[in-house]
Amino acid sequence: LVKYKTLRNGDRQLYILSKNAGRVLDGLSITDAIKDGELELKTVFSGQDRTSAETTIVLDDFKLVKGAKAVRVYAVLSPTGLFSLFEGEGTFFNKGEAIITSRKGVHDITKLRATGASVGLGLVGTYDSNSKTVDVSGNLVPINILSDVIGLVPLVGEILTGIDKS
(Lines give C-alpha, C1' and ligand atoms only; values in the text may rest on other atoms or scores of the structure.)
Protein backbone atom coordinates (compact mmCIF):
# COMPACT_ATOMS: atom_id res chain seq x y z
CA LEU A 1 0.00 0.00 0.00
CA VAL A 2 1.39 3.39 -0.99
CA LYS A 3 -0.33 6.71 -0.32
CA TYR A 4 0.84 10.25 -1.03
CA LYS A 5 -1.28 13.16 0.07
CA THR A 6 -1.27 16.83 0.94
CA LEU A 7 -1.98 17.54 4.59
CA ARG A 8 -4.17 20.41 5.81
CA ASN A 9 -1.14 22.54 6.66
CA GLY A 10 0.28 22.13 3.14
CA ASP A 11 2.92 19.53 4.05
CA ARG A 12 3.07 16.35 1.97
CA GLN A 13 2.93 12.85 3.43
CA LEU A 14 4.20 9.59 1.98
CA TYR A 15 2.82 6.45 3.63
CA ILE A 16 4.00 2.93 2.78
CA LEU A 17 2.77 -0.34 4.26
CA SER A 18 4.44 -3.56 3.10
CA LYS A 19 4.84 -7.24 3.96
CA ASN A 20 8.40 -7.19 2.53
CA ALA A 21 10.31 -4.50 4.41
CA GLY A 22 13.70 -5.51 3.06
CA ARG A 23 12.72 -5.14 -0.57
CA VAL A 24 11.01 -1.77 -0.03
CA LEU A 25 13.91 -0.29 1.97
CA ASP A 26 16.39 -1.52 -0.65
CA GLY A 27 14.23 -0.19 -3.50
CA LEU A 28 14.07 3.24 -1.85
CA SER A 29 17.89 3.17 -1.46
CA ILE A 30 17.54 3.44 2.32
CA THR A 31 19.39 0.21 3.18
CA ASP A 32 20.09 -3.24 1.78
CA ALA A 33 20.88 -4.64 5.25
CA ILE A 34 17.28 -5.63 6.08
CA LYS A 35 15.66 -8.85 4.86
CA ASP A 36 12.00 -9.85 5.10
CA GLY A 37 9.71 -8.29 7.70
CA GLU A 38 6.72 -6.00 7.73
CA LEU A 39 7.11 -2.26 7.24
CA GLU A 40 5.15 0.86 8.07
CA LEU A 41 6.88 4.01 6.84
CA LYS A 42 5.54 7.54 7.14
CA THR A 43 7.41 10.59 5.88
CA VAL A 44 6.12 14.14 6.19
CA PHE A 45 7.81 16.61 3.83
CA SER A 46 7.69 20.23 4.96
CA GLY A 47 9.06 23.64 4.05
CA GLN A 48 8.77 25.63 0.86
CA ASP A 49 11.26 23.47 -1.05
CA ARG A 50 10.26 20.17 0.61
CA THR A 51 13.86 19.56 1.71
CA SER A 52 12.81 18.99 5.33
CA ALA A 53 11.27 15.69 6.33
CA GLU A 54 10.43 13.61 9.37
CA THR A 55 10.35 9.87 8.80
CA THR A 56 8.99 7.22 11.13
CA ILE A 57 9.78 3.61 10.31
CA VAL A 58 8.28 0.65 12.17
CA LEU A 59 9.49 -2.88 11.35
CA ASP A 60 8.21 -6.24 12.59
CA ASP A 61 9.84 -9.67 12.27
CA PHE A 62 12.89 -8.77 10.17
CA LYS A 63 16.50 -9.85 9.82
CA LEU A 64 19.60 -7.68 9.84
CA VAL A 65 21.78 -9.44 7.26
CA LYS A 66 24.61 -6.96 6.84
CA GLY A 67 24.82 -5.73 10.39
CA ALA A 68 27.92 -4.49 12.11
CA LYS A 69 30.20 -7.19 13.44
CA ALA A 70 29.37 -6.06 16.96
CA VAL A 71 25.70 -6.97 16.45
CA ARG A 72 26.67 -10.45 15.25
CA VAL A 73 29.12 -10.93 18.14
CA TYR A 74 26.50 -10.04 20.75
CA ALA A 75 23.87 -12.11 18.96
CA VAL A 76 25.91 -15.30 19.30
CA LEU A 77 25.81 -14.97 23.09
CA SER A 78 22.33 -16.51 22.99
CA PRO A 79 21.33 -19.93 21.60
CA THR A 80 18.98 -18.42 19.00
CA GLY A 81 21.64 -15.95 17.89
CA LEU A 82 24.23 -18.72 17.59
CA PHE A 83 21.81 -20.80 15.50
CA SER A 84 21.09 -17.88 13.13
CA LEU A 85 24.84 -17.32 12.70
CA PHE A 86 25.34 -20.92 11.57
CA GLU A 87 22.29 -20.73 9.31
CA GLY A 88 23.66 -17.54 7.74
CA GLU A 89 20.25 -15.87 7.93
CA GLY A 90 21.29 -12.73 9.80
CA THR A 91 20.20 -11.50 13.21
CA PHE A 92 16.44 -11.72 13.76
CA PHE A 93 14.54 -8.83 15.36
CA ASN A 94 10.91 -8.88 16.52
CA LYS A 95 10.49 -5.13 16.51
CA GLY A 96 12.31 -2.10 15.18
CA GLU A 97 11.52 1.59 15.20
CA ALA A 98 13.31 4.64 13.85
CA ILE A 99 12.57 8.36 13.78
CA ILE A 100 14.74 10.38 11.42
CA THR A 101 14.57 14.11 10.79
CA SER A 102 16.17 15.30 7.57
CA ARG A 103 17.06 18.77 6.32
CA LYS A 104 19.22 19.56 3.30
CA GLY A 105 21.16 16.30 3.42
CA VAL A 106 21.66 16.13 7.19
CA HIS A 107 19.78 13.25 8.79
CA ASP A 108 19.29 13.30 12.57
CA ILE A 109 18.49 9.88 13.98
CA THR A 110 16.48 10.86 17.04
CA LYS A 111 15.46 7.28 17.80
CA LEU A 112 16.52 3.89 16.49
CA ARG A 113 15.62 0.81 18.50
CA ALA A 114 15.41 -2.88 17.71
CA THR A 115 14.78 -5.91 19.88
CA GLY A 116 15.06 -9.58 19.07
CA ALA A 117 15.47 -12.95 20.72
CA SER A 118 19.25 -12.58 20.94
CA VAL A 119 20.11 -8.87 21.01
CA GLY A 120 18.64 -5.43 21.55
CA LEU A 121 20.04 -2.16 20.29
CA GLY A 122 19.44 1.56 20.54
CA LEU A 123 21.09 4.32 18.56
CA VAL A 124 21.00 8.10 18.12
CA GLY A 125 23.13 10.38 16.00
CA THR A 126 23.62 12.21 12.73
CA TYR A 127 24.46 11.24 9.17
CA ASP A 128 25.53 14.07 6.86
CA SER A 129 25.14 12.88 3.28
CA ASN A 130 26.82 16.04 1.99
CA SER A 131 30.13 15.42 3.77
CA LYS A 132 29.60 11.63 4.11
CA THR A 133 30.20 11.80 7.88
CA VAL A 134 28.53 9.76 10.59
CA ASP A 135 28.35 10.60 14.30
CA VAL A 136 26.32 8.03 16.22
CA SER A 137 26.27 6.48 19.67
CA GLY A 138 24.19 3.75 21.16
CA ASN A 139 23.79 0.60 23.18
CA LEU A 140 23.99 -3.02 22.16
CA VAL A 141 22.81 -5.55 24.74
CA PRO A 142 22.57 -9.34 24.56
CA ILE A 143 18.94 -10.07 25.50
CA ASN A 144 19.83 -13.04 27.72
CA ILE A 145 22.07 -10.78 29.84
CA LEU A 146 19.30 -8.18 30.09
CA SER A 147 16.90 -10.94 31.13
CA ASP A 148 19.33 -12.15 33.82
CA VAL A 149 19.73 -8.62 35.21
CA ILE A 150 15.96 -8.09 35.35
CA GLY A 151 15.61 -11.47 37.05
CA LEU A 152 18.01 -10.34 39.81
CA VAL A 153 15.66 -7.55 40.82
CA PRO A 154 12.67 -9.49 42.21
CA LEU A 155 10.06 -6.74 41.98
CA VAL A 156 10.99 -5.68 38.43
CA GLY A 157 11.35 -9.30 37.28
CA GLU A 158 7.95 -10.24 38.71
CA ILE A 159 6.24 -7.20 37.17
CA LEU A 160 7.72 -7.83 33.72
CA THR A 161 7.50 -11.62 33.65
CA GLY A 162 4.62 -12.33 36.03
CA ILE A 163 6.64 -15.17 37.56
CA ASP A 164 7.01 -15.53 41.31
CA LYS A 165 10.20 -17.57 41.93
CA SER A 166 9.48 -18.22 45.59
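This chain uses plain numbering: 1 for the first residue, then up along the sequence.
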(request) State plainly whether one hydrophobic cluster holds both Leu64 and Val24, where clusters connect Ile, Leu, Val, Met, Phe, Trp and Tyr through side-chain heavy atoms under 4.5 angstrom apart. (result) yes
(request) Hey, could you give me the NZ/CD1 distance between Lys42 and Ile99, rounded to the nearest 0.5 Å? (result) 9.5 Å
(request) Report the C-alpha distance between Leu7 and Lys5 in whole Å, list the side-chain angles of each, state the deciding distance to 0.1 Å, and finish with yes or no for side-chain contact (heavy atoms from CB on, under 4.5 Å). (result) CA-CA 6 Å; Leu7 303 175; Lys5 66 180 181 180; 3.8 Å; yes
(request) Take Thr51 and Arg103 through the side-chain contact (heavy atoms from CB on, under 4.5 Å) test and state the conclusion after the steps. (result) CA-CA 6 Å; Thr51 58; Arg103 179 158 174 76; 4.1 Å; yes
(message) I'd like to check Thr91 versus Lys63 (side-chain heavy atoms, cut-off strictly below 4.5 Å). Are they in contact?
(response) no
(message) Let me confirm one number: the CG-CD1 distance from Leu28 to Ile57, rounded to the nearest 0.5 Å.
(response) 9.0 Å
(message) Considering only residues two or more places apart or on different chains, which pairs with a residue in residues 1-42 satisfy ring-ring contact (aromatic ring centres under 6.0 Å, His included)?
(response) none
(request) Could you state whether Ile109 and Leu59 fall into the same hydrophobic cluster, counting links through intermediate Ile, Leu, Val, Met, Phe, Trp or Tyr residues with side-chain heavy atoms under 4.5 angstrom apart? (result) yes
(message) Applying a strict under-4.5 Å side-chain criterion to I, L, V, M, F, W and Y, I'd like to know whether Val134 and Leu121 cluster together.
(response) yes
(message) Hydrophobic clusters here meaning ILVMFWY residues chained together by side-chain heavy-atom distances under 4.5 Å, can you tell me if Leu39 and Leu14 are in one?
(response) yes
(request) Measure the OG-CD distance between Ser18 and Glu40 for me, rounded to the nearest 0.5 Å. (result) 11.5 Å
(message) For the CG atom of Asn94 and the CG atom of Asp61, what is their distance to the nearest 0.5 Å?
(response) 6.0 Å
(request) Could you grab the distance from atom CG of Leu17 to atom NZ of Lys3, nearest 0.5 Å is fine? (result) 9.0 Å
(message) Tell me whether Ser129 contacts the main-chain N or O of Gly105 through its side chain, where contact means a donor paired with an acceptor under 3.5 Å.
(response) yes
(request) Quick one: list whatever passes ring pair (Phe, Tyr, Trp, His ring centres under 6.0 Å) with Tyr127, sequence neighbours left out. (result) His107
(message) Do Leu41 and Ile30 have side chains that approach each other closer than 4.5 Å (heavy atoms only, starting at C-beta)?
(response) yes
(request) Check Asn130 against Lys104 and note the closest heavy-atom contact, atom names and distance. (result) ND2-O, 2.9 Å
(message) Can you confirm whether Leu112 sits close enough to Ile100 that some side-chain heavy atom of one is under 4.5 Å from a side-chain heavy atom of the other?
(response) no
(message) Please check this pair: side chain of Asn9 against backbone of Ser46, looking for a donor-acceptor N/O pair closer than 3.5 Å.
(response) no
(message) Rounded at 0.5 Å granularity, tell me how far CD in Glu54 sits from OG1 in Thr110.
(response) 6.5 Å
(request) Can you see which heavy atom on Ala53 is nearest to which on Phe45, and at what distance? (result) CB-CD2, 3.9 Å
(request) Give a yes or no on whether Val44 and Ile16 share a hydrophobic cluster (residues Ile, Leu, Val, Met, Phe, Trp, Tyr; joining criterion: side-chain heavy atoms under 4.5 Å apart). (result) no
(message) Quick test of your reading: applying side-chain hydrogen bond (donor to acceptor under 3.5 Å, both in side chains), list the pairs with at least one residue in residues 19-32, sequence neighbours left out, ordered by first then second residue.
(response) Asp32-Lys66
(request) Measure across Ala114 and Phe62 and return the closest heavy-atom pair with its distance rounded to 0.1 Å. (result) CB-CZ, 4.3 Å
(message) For a 4.5 angstrom cut-off between non-hydrogen side-chain atoms, does Arg12 reach Thr43?
(response) no
